[in-house]
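Down below is the structure, laid out as C-alpha cells.
No hydrogens, no waters, no symmetry mates; every other heavy atom, side chains included, goes into these values.
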Amino acid sequence: PQVRMAERDALVKICGGEDMAARVERVWEEMMEKKRIDLSGQRMTDEDFGFLLKGLHMFSRTSGYQTERIKPFPITELDFSGNDLTCKG
C-alpha cells in the first residue's frame with residue numbers, strides 16, 4: 001500500500017530511519033497476506049523491535065486498518081526467535 005508523502009516521512013521518523021520504515025512496510029504486507037509476523041533470525045535488538053512495533057502501529061492507523069484503538073493485528077502466529085532480545089524486549 002502506498003501512503004502519502006507526509007505519512008511516509010512520519011513513518012521514517014517514528015521508525016528511526018528509512019531502512020526500518022521499509023522493513024515495516026514489508027512486514028505489514030506479509031502480515032496481511034499470511035496472517036503472521038515472522039521476524040525470526042533477523043538479529044534484531046530490543047531497540048529495533050521498539051521501532052518496528054511503533055512503525056507497525058502507525059502504519060495500521062495510516063493505512064485505514066486500525067479504526068479502533070485496541071483492534072489487534074490480524075495474525076495467528078508470531079515468531080521472534082533467533083534475535084538478540086533481552087528481558088527488556
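Taking each heavy atom of Ile14 and Gly55 in turn, the nearest pair found is CG2-CA, 4.2 Å. For Met20 against Met44, the heavy-atom pair with the smallest separation is CE-CE, 4.1 Å. In this structure, Tyr65 and Pro74 approach most closely via the heavy-atom pair OH-CD, 3.3 Å. Closest approach of Ala22 to Arg8, counting heavy atoms only: N-NH1, 4.2 Å. Here the closest heavy-atom approach between residue Ala21 and residue Cys15 is recorded as N-CB, 3.8 Å.
Arg36 meets the salt bridge (Lys or Arg N to Asp or Glu O under 4.0 Å) test with Asp38, Glu77; sequence neighbours excluded. Residues meeting the side chain to side chain donor-acceptor pair (under 3.5 Å) test with Glu33, sequence neighbours left out: none. By the ring-ring contact (aromatic ring centres under 6.0 Å, His included) test, Phe73 pairs with Trp28, His57, sequence neighbours left out. Glu30 is linked by a salt bridge (Lys or Arg N to Asp or Glu O under 4.0 Å) to nothing, counting only residues two or more places apart in sequence or in another chain. Residues passing the side chain to side chain donor-acceptor pair (under 3.5 Å) test with Gln42, sequence neighbours excluded: none. Residues passing the side chain to side chain donor-acceptor pair (under 3.5 Å) test with Asp9, sequence neighbours excluded: none. Here Val27 pairs with Arg23, Ile37, Leu39, Leu52, Leu56 under the side chain to side chain contact (heavy atoms under 4.5 Å, CB included) rule; sequence neighbours left out. Annotation: side chain to side chain donor-acceptor pair (under 3.5 Å) contacts of Ser81 (sequence neighbours excluded): Asp79.
Taking CE of Met31 as the reference point, atom CZ of Phe59 lies at 9.0 Å (rounded to 0.5 Å).
Val24 and Val12 fall into different hydrophobic clusters, where Ile, Leu, Val, Met, Phe, Trp and Tyr side chains are chained together by heavy-atom contacts under 4.5 Å.
The salt bridge (Lys or Arg N to Asp or Glu O under 4.0 Å) contacts involving residues 47-58 comprise nothing, where partners must be two or more places apart or lie in separate chains. A ring-ring contact (aromatic ring centres under 6.0 Å, His included) check over residues 7-27, counting only residues at least two apart or in different chains, returns nothing.
Residue-environment remark: NZ (Lys34) stays at or below the threshold of 12 foreign heavy atoms within 6.0 Å.
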